[in-house]
Amino acid sequence: MKKSAIYHIFLILVGIVLGTLIAKVTAGVPALGWLSYALTFGFESPLVLNLAVIRLTLGVSIDLSVAVILFVTLSLVLGRYFAR
């Protein structure tokens, strides 16, 4: 992988963490509650592979909130600006 790809992945992860934090903090604030509005995507029940000796459980769930979308976008824009 190139350095720029690692840099972009880092920026996306920073945006996800900060966006999730802001969404959790603003959930109870009436004026900023819209930032915590989220949709959840994923499996309702995980996939289970039972081989008698080993049980493998696979599941994926994504919580996508308004704050996460805003902060990922903001981190990518600021990352490009400061990378110049």
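All heavy atoms count here, side chains included; hydrogens, waters and symmetry mates do not. Quick caveat: nothing in here was measured; it's all calculated off a predicted structure.
Atom CD1 of I54 has 12 or fewer heavy atoms from other residues, nucleotides or ligands within 6.0 Å.
Between the OH atom in Y37 and the CH2 atom in W34 there is a gap of 13.5 Å [rounded to 0.5 Å]. Residue D63 holds its CG atom at 11.5 Å from OG of S36, rounded to the nearest 0.5 Å. Note that CG of L58 is 8.0 Å distant from CG of L49, once rounded to the nearest 0.5 Å.
Not a single side-chain hydrogen bond (donor to acceptor under 3.5 Å, both in side chains) links S45 to another residue, sequence neighbours left out.
Residues S65 and A23 approach most closely at OG-CB, 3.8 Å, considering heavy atoms.
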For residues 12-22, run the donor-acceptor check on the side chains, cut-off 3.5 Å, and write out each pair with its distance to 0.1 Å, sequence neighbours left out.
{"unit_1": "T20", "atom_1": "OG1", "unit_2": "I16", "atom_2": "O", "d": "2.7"}

Could you go through residues 68-82 and list every donor-acceptor pair under 3.5 Å that involves a side-chain atom there, pairing it with any protein atom two or more places apart or in another chain?
{"unit_1": "T73", "atom_1": "OG1", "unit_2": "I69", "atom_2": "O", "d": "2.8"}
{"unit_1": "S75", "atom_1": "OG", "unit_2": "L11", "atom_2": "O", "d": "2.9"}
{"unit_1": "S75", "atom_1": "OG", "unit_2": "F71", "atom_2": "O", "d": "3.2"}
{"unit_1": "S75", "atom_1": "OG", "unit_2": "V72", "atom_2": "O", "d": "2.9"}

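Hydrophobic clustering places V66 together with L39 (ILVMFWY residues linked when any side-chain heavy atoms are closer than 4.5 Å, directly or through intermediates).
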